[in-house]
Amino acid sequence: MLLKNIEELKNQIKQWKKDGLTVGLVPTMGALHDGHLSLIKKSVATCDKTVVSDFVNPTQFCPGEDLDKYPRTLDADVKLCEENGVDIVFAPSPEEMYGTDTRRSNDFLTYVVPPFFYTNKLCGKTRVGHFDGVCTVVLKLFNIVQPDYAFFGQKDAQQLVVIKKMVKDLNVPVEVVPCPIIREDSGLALSSRNKYLSDEGKENALVLSKILKNIKTLYKKGITDIDALKETAFSFLTAAHELEYLEFVDKTDLEDKKSADDETLVLIALRTDGVRLIDNCILGEE
Ligand code: PAF
């Protein structure tokens, strides 16, 4: 069932809660792919009822980013959800979520601002304010849906850490369930933004997963020196790649690592073919 109205959704949730049913939430910005599908399947398997939110959240886009051209495929999304046992697709308009005050900015809206320590690095360095928008919309969704479980992809690793921190700090009664990255056979991590890539761009984009795979292989062979691991990674890059960052941080609090260990989260962001792509891995995991 497709719902666009907050009150209608809240009434349905109230009924489910009254009936003692567990509720899973899969927050998305739509343009659903197999990565989202893996979260949906996990929610449907874990919870009595599953809500998928499908909302391109304007407050998490920075000026000059791809808000207007972000892929919107609601009809196909609803079909995919229905075929996979989702109970409600919640697709509100920006006005339904934020009201009719079009001055959506820190000056006119109550925002959730995650700690600077978690957001002044990695993606937050170039996407200033992005995680304020993410946390604000995610907390709003938590308050509307009141899920027992919420499913997030490990692909957006910094987002996952920031959301877990918000949930802990603000005592939000939800269990955040991280779900593994889904990749094409080529190694490319699935992302709605892959739609922007040309064939050549797609080929160039393989460098992200190749670099991460190589770092993991070297780490397994005993190399823990981060400068040495970075140096070999740089040798994979060509003129077609504009590296934004390659960082080694702790997987729970994003603190910079001095040397690599099993708890190390390696994150990479680069531009190729005019498209900004991210990927990551945890060295201690398969
Ligand atoms: O990961 C995403 O798609 C978005 O950041 C999220 C969590 C749905 C919030 O808009």
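All of these numbers come straight from a predicted model, not from anything done at the bench. Ligands are counted one by one from 1 in listed order, and the atoms in each one are counted from 1 as well.
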Query - Given Leu237, Val266, Asp279, the one that forms side-chain contact (heavy atoms from CB on, under 4.5 Å) with Ile211 - result: Leu237
Requested in this report: Kindly confirm or rule out an N or O of Gln159 lying under 3.5 angstrom from an N or O of ligand 1.
Outcome: yes
Query raised in the report: Hey, does Thr28 come in under 3.5 Å of ligand 1, counting only N/O atoms on both sides?
Result: no
**Report entry** Protein contact to atom 3 (O) of ligand 1 [nearest heavy atom, distance to 0.1 Å]
**Finding:** Met29 CG, 3.6 Å
Query raised in the report: When you measure from atom 10 (O) of ligand 1 to every protein heavy atom, which one gives the shortest distance, and what is it?
Result: Gln60 OE1, 2.6 Å
Query - Region of Ile163 that comes within reach of ligand 1 [heavy atoms, distance under 4.0 Å] - result: neither
For [X], take its heavy atoms, then give the atoms of ligand 1 lying under 4.0 Å from any of them.
X: Val137; result: 9 (C), 10 (O)
X: Pro27; result: 8 (C)
X: Asp156; result: 1 (O)

Query raised in the report: Say you draw a straight line from CG of Asp227 to OG of Ser259; how long is it, rounded to the nearest 0.5 Å?
Result: 11.0 Å
Tell me if a side-chain donor or acceptor on [X] pairs with a main-chain N or O of [Y] at a distance below 3.5 Å.
X: Thr272; Y: His241; answer: no
X: Ser192; Y: Ala31; answer: yes
X: Thr28; Y: Ser53; answer: yes

Requested in this report: Anything under 30° is parallel, anything over 60° is perpendicular, the rest tilted; go ahead and classify Tyr98 against Phe55.
Outcome: tilted
